[in-house]
Amino acid sequence: MEFSLSEDQRMLQDSLKGVLSQSASLDQIRKIAVGDAGAVRALEAALEDFGLASLLLPEAAGGLGLGLLDACLVQEALGYHIAPSRFLASALAAVALADNPGLLGGDAKFGLAVTEMASRRDGAGLSLKAGKLSGTALLAISAEEATHLLAADAKGGLHVVDAAGAKAAPMQTIDRTRTFHAVTLSGVKVLSTAKANDRFLAAARLLVAADTLGAAQAMIDKAVAYAAERQQFGRVIGSFQAVKHMCAEMAAKLEPGRALIWHAAHALDIGDAEGPVMANLAKAYLAEAGTFIARTATEVHGGMGFTDLVGLHYWFKRIGVNRQLFGSPEQARQTAAQLQGLVA
Amino acid sequence: MKLDLDPEYEAFRANVSETLTKNRHLAPTSEDKGYKNARRIAWQKLLIEHGLAARTIPKAYGGYGGEADILKARIIAEEFARSRVPGPMAGQGISMLVPTLLELGTEAQKQAYIRPTIEGEMIWCQGYSEPGAGSDLAALRTSAVEDGDHYVINGSKIWTSTAKQADMIFCLVRTDPAAKKHEGITYITFPMSMPGIEVRPLVDMTGSANFNEVFFTNVRVPKSGVIYQPNKGWQVANATLTHERGMLGDPNATKARFLELVTLMKGESVNGQPLIANPMLCDRLMQLQAEVYAMQANGLRITTSRLKGEQAGIAGLIVKLNGCDLNHEIARLAIDALGELGILYEDGEHLRSDGSWQWRYMYDLGLIIGGGTAQIQKNIIAERGLNMPREPKLAKA
């Protein structure tokens with residue numbers, strides 16, 4: 001038995017963090033947040049050089065064929081540096097098209113229009129008719145410059161369409177570092193349909209949980225560092241138990257979440273039946289722990305935490321968006337209960 | 001990442017499971033009360049014989065004489081939890097004194113105490129905390145003054161579980177009042193039957209006396225009871241406190257409780273609906289399940305660190321804090337799920353689960369406080385796990 005990361009996995013994460021600390025500095029992120037196209041491209045290029053796109057592609061499609069645990073480590077590093085990236089969409093495309101990897105290779109860039117898997121809304125949603133998709137999908141991810149869209153219909157089907165047939169209108173969220181779109185399709189031909197299954201939604205939720213793990217860890221690190229520097233009443237505030245306990249509570253909540261993500265990802269990778277349950281619970285757990293940490297780390301920074309000067313709010317908002325993405329913690333827990341047959 | 005066990009360990013698990021199944025008819029039941037109950041002692045001896053208790057204690061001292069193997073220890077704990085067969089005895093003598101003796105005791109002390117302790121024939125209590133020395137344990141004031149081959153002990157201890165039943169006590173006393181507070185303490189053992197010892201039960205919120213106060217008035221104790229060396233008691237005690245912290249918050253025990261809660265919520269109905277069908281209750285159950293899974297995975301991570309001889313870091317430091325809190329929360333949900341019937345206690349026709357949820361809810365609060373309070377745990381996590389600065393010491397007035 002060995003419940004730990006392999007040497008390769010640690011190296012993958014460390015080297016990616018190295019790239020991100022150069023290419024996704026807070027200054028860069030600030031530029032991206034105000035829509036600086038050059039900054040977006042520079043970060044994208046750095047991640048392409050790193051080879052992010054090919055990590056999860058099956059070996060047959062020219063990739064490395066890594067698993068979900070590896071993907072979680074990547075997503076965690078991206079969350080730590082609040083870096084926007086196409087990785088989430090391409091990782092989930094690789095999960096959805098595992099049986100049909102032909103579409104994944106080459107210059108394919110996937111966008112993701114799957115919020116309907118978690119929440120169907122009045123006045124939105126996609127429907128399938130005679131092999132064609134029509135309607136509007138909300139909060140699509142990485143839709144800009146996508147060649148293909150992975151889109152969920154109202155009945156849980158998962159389809160690939162050519163992105164050229166889609167009209168994308170920006171949707172502004174609290175998180176300006178990442179872009180979201182309302183994507184409208186009018187009778188766009190379906191190129192391929194993947195089997196919708198528990199595994200896809202579980203993987204989507206798990207990857208978002210991993211992103212929150214990284215962002216929340218960054219917030220703890222920043223809070224602890226700030227508490228070691230900031231002086232009041234003639235001592236560093238980190239020597240006050242009131243502040244120390246806030247930091248200890250953050251660490252005590254987050255650290256088991258890390259092990260839970262590893263366990264859930266491994267279980268999904270080996271096809272363990274408990275995998276989807278664990279992944280849904282990991283999403284809910286990290287959403288709750290992340291929200292607590294986003295608030296508490298901000299409070300440790302006092303008034304400065306509330307300002308734009310420190311930029312802590314970028315992490316706060318990353319965690320806030322992640323909490324709702326692909327379903328709220330309540331929805332993820334409901335899925336976990338359904339998967340176990342505890343409720344209908 | 002590899003979660004399955006090597007065939008050697010799977011075979012070991014099958015063996016443990018078979019031993020438990022074959023012998024479970026010999027296990028003590030709720031009828032077998034009291035510390036020196038013959039059936040309980042016989043069961044303990046049988047478990048030692050099969051290597052399911054006192055596994056790593058050398059044969060010469062009455063143990064099984066097995067090699068330390070973290071995975072086997074884990075498998076044994078899991079099989080007891082899974083089969084619900086009563087596990088080995090776990091008093092403070094077994095879990096804290098015996099490891100200390102093995103590390104620091106003389107040969108004569110090992111010979112005299114280990115065998116009867118692990119077999120359940122010799123019961124121990126722990127004399128650490130005092131009315132004025134709780135979280136600040138090193139402030140203890142019970143004095144031991146040299147008198148020839150003896151110490152004369154005066155003072156009092158509190159939170160002493162099993163003091164009424166104990167044959168022996170292992171105790172921290174102040175032998176050098178002039179030394180710095182950590183340097184004048186001695187770890188000493190002596191019989192509870194000595195003249196001048198008075199035990200008063202301390203009734204707690206559960207309604208029973210799970211702890212006691214112990215008073216010493218001119219108790220003459222032979223110096224041969226000292227473990228290791230005089231005035232080195234703080235180091236000796238720290239060896240045992242590590243063992244205590246390891247016991248509290250075990251994720252396997254928490255998982256077993258969680259499964260009991262699931263059974264309760266599926267089996268009990270209100271207004272013709274099982275409790276689990278109430279979406280509010282189900283959501284709370286899933287919140288707890290996420291934490292149970294997380295602490296289990298955290299436990300696997302710690303086991304791997306120990307197998308590799310590495311420090312577990314924050315993952316290890318949070319177990320007592322999180323585990324005890326989680327147990328308390330599981331009991332809280334069980335009570336809420338039962339609604340009005342959740343308030344029944346101790347006895348009566350409509351009692352559910354023998355009233356154990358209310359008992360646990362209260363007792364677990366005691367465990368959140370005991371064995372290093374939640375606040376002390378947070379200090380430890382912050383200072384050792386996050387390298388945050390220590391509280392500055394007050395200037396002496």
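Order of the sequence lines fixes the chain letters, A, B, ..., with proteins taken first and strands second; residue numbering starts at 1 for each chain.
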Visitor: To the nearest 0.5 angstrom, please state how far the CG atom of Leu260(A) sits from the CG atom of Asn298(B).
Guide: 10.0 Å

Visitor: Could you tell me if Gln287(B) and Tyr285(A) have a donor-acceptor pair between their side chains, going purely by distance under 3.5 Å?
Guide: no

Visitor: Of the listed residues (Ile314(B), Asp6(B), Leu5(B)), which shares the most heavy-atom pairs with chain A below a 4.5 Å separation?
Guide: Ile314(B)

Visitor: Please classify the contact of Ala252(A) with chain B as side chain, backbone, both or neither, using a heavy-atom distance under 4.5 Å.
Guide: both

Visitor: Listed by residue number, which members of residues 328-339 of chain B have a heavy atom under 4.5 Å from any heavy atom of chain A?
Guide: none

Visitor: Can you pull the salt bridge (charged side-chain N to carboxylate O under 4.0 Å, His left out) pairs that have at least one residue in residues 70-80 of chain A, sequence neighbours excluded?
Guide: Glu76(A)-Arg258(A)

Visitor: Of all the heavy-atom pairs spanning Leu69(A) and Met1(B), show the shortest one and how long it is.
Guide: CD2-CE, 3.9 Å

Visitor: In terms of heavy-atom pairs under 4.5 Å, which option from Glu383(B), Met295(B), Gln289(B), Arg390(B) contacts chain A the most?
Guide: Gln289(B)

Visitor: Do the side chains of Gln340(A) and Met286(B) get nearer than 4.5 Å, heavy atoms only?
Guide: yes

Visitor: Counting heavy-atom pairs under 4.5 Å with chain A, which one of Ile381(B), Ile276(B), Leu3(B), Leu317(B) comes out on top?
Guide: Leu3(B)

Visitor: Where do Ser239(A) and Pro389(B) come nearest, in terms of heavy atoms and distance?
Guide: N-CG, 3.7 Å

Visitor: Roughly how far, to the nearest 0.5 Å, is the SG atom of Cys282(B) from the CD atom of Gln338(A)?
Guide: 9.0 Å

Visitor: Should we say atom CZ of Arg121(A) is surrounded by more than 12 heavy atoms from elsewhere, each under 6.0 Å from it?
Guide: no

Visitor: Considering residues, nucleotides and ligands other than Gln231(A), do more than 12 of their heavy atoms fall under 6.0 Å from its CD?
Guide: yes

Visitor: Please name the pair of heavy atoms, one in Ala227(A) and one in Met388(B), separated by the smallest distance, quoted to 0.1 Å.
Guide: CB-CE, 3.9 Å

Visitor: By a 4.5 Å heavy-atom criterion (distance strictly below it), what part of Gln375(B) contacts chain A: side chain, backbone, both, or neither?
Guide: both

Visitor: Ala382(B) and Ala248(A): which non-hydrogen atoms are nearest, and at how many Å?
Guide: N-CB, 4.2 Å

Visitor: Out of Glu249(A), Lys253(A), Met250(A), Gln334(A), return the one with the most heavy atom pairs under 4.5 angstrom to chain B.
Guide: Glu249(A)

Visitor: Which salt bridge (charged side-chain N to carboxylate O under 4.0 Å, His left out) pairs, counting each pair once, include a residue from residues 230-240 of chain A, with sequence neighbours left out?
Guide: Arg235(A)-Glu391(B)

Visitor: Check whether any side-chain N or O of Lys244(A) sits under 3.5 Å from a backbone N or O of Ile380(B) as a donor-acceptor pair, and report yes or no.
Guide: no

Visitor: For atom NZ of Lys255(B), decide whether the heavy atoms of other residues, nucleotides or ligands shown that lie under 6.0 angstrom number more than 12.
Guide: no

Visitor: Evaluate whether atom CZ of Arg13(B) has more than 12 neighbouring non-hydrogen atoms of other residues, nucleotides or ligands under 6.0 angstrom away.
Guide: yes

Visitor: Flag yes if more than 12 heavy atoms outside Phe258(B) fall under 6.0 Å of its CZ atom; otherwise flag no.
Guide: yes

Visitor: Should we count CE of Met304(A) as having more than 12 external heavy atoms under 6.0 Å?
Guide: yes

Visitor: What part of Leu321(B) lies closer than 4.5 angstrom to a heavy atom of chain A: side chain, backbone, both or neither?
Guide: side chain

Visitor: So do Leu342(A) and Lys266(B) actually touch side chain to side chain, heavy atoms under 4.5 Å?
Guide: yes

Visitor: Side chain from CB out, backbone as N, CA, C, O: work out which of these in Asn322(B) comes under 4.5 Å of a heavy atom of chain A, or both, or neither.
Guide: side chain

Visitor: So how far is it from Asp4(B) CG to Met1(A) CE, rounded to the nearest 0.5 Å?
Guide: 10.5 Å

Visitor: Using heavy atoms and a sub-4.5 Å threshold, report which of residues 299-312 of chain B line up against chain A, by residue number.
Guide: Leu300(B), Arg301(B), Thr303(B), Thr304(B), Leu307(B), Lys308(B)

Visitor: Name the option with the most non-hydrogen atom pairs under 4.5 Å to chain A; the candidates are Ile318(B), Leu285(B), Asp283(B).
Guide: Asp283(B)

Visitor: With chain B, which of Leu281(A), Val343(A), Ile261(A), Val224(A) has the greatest number of heavy-atom pairs at distances under 4.5 Å?
Guide: Leu281(A)

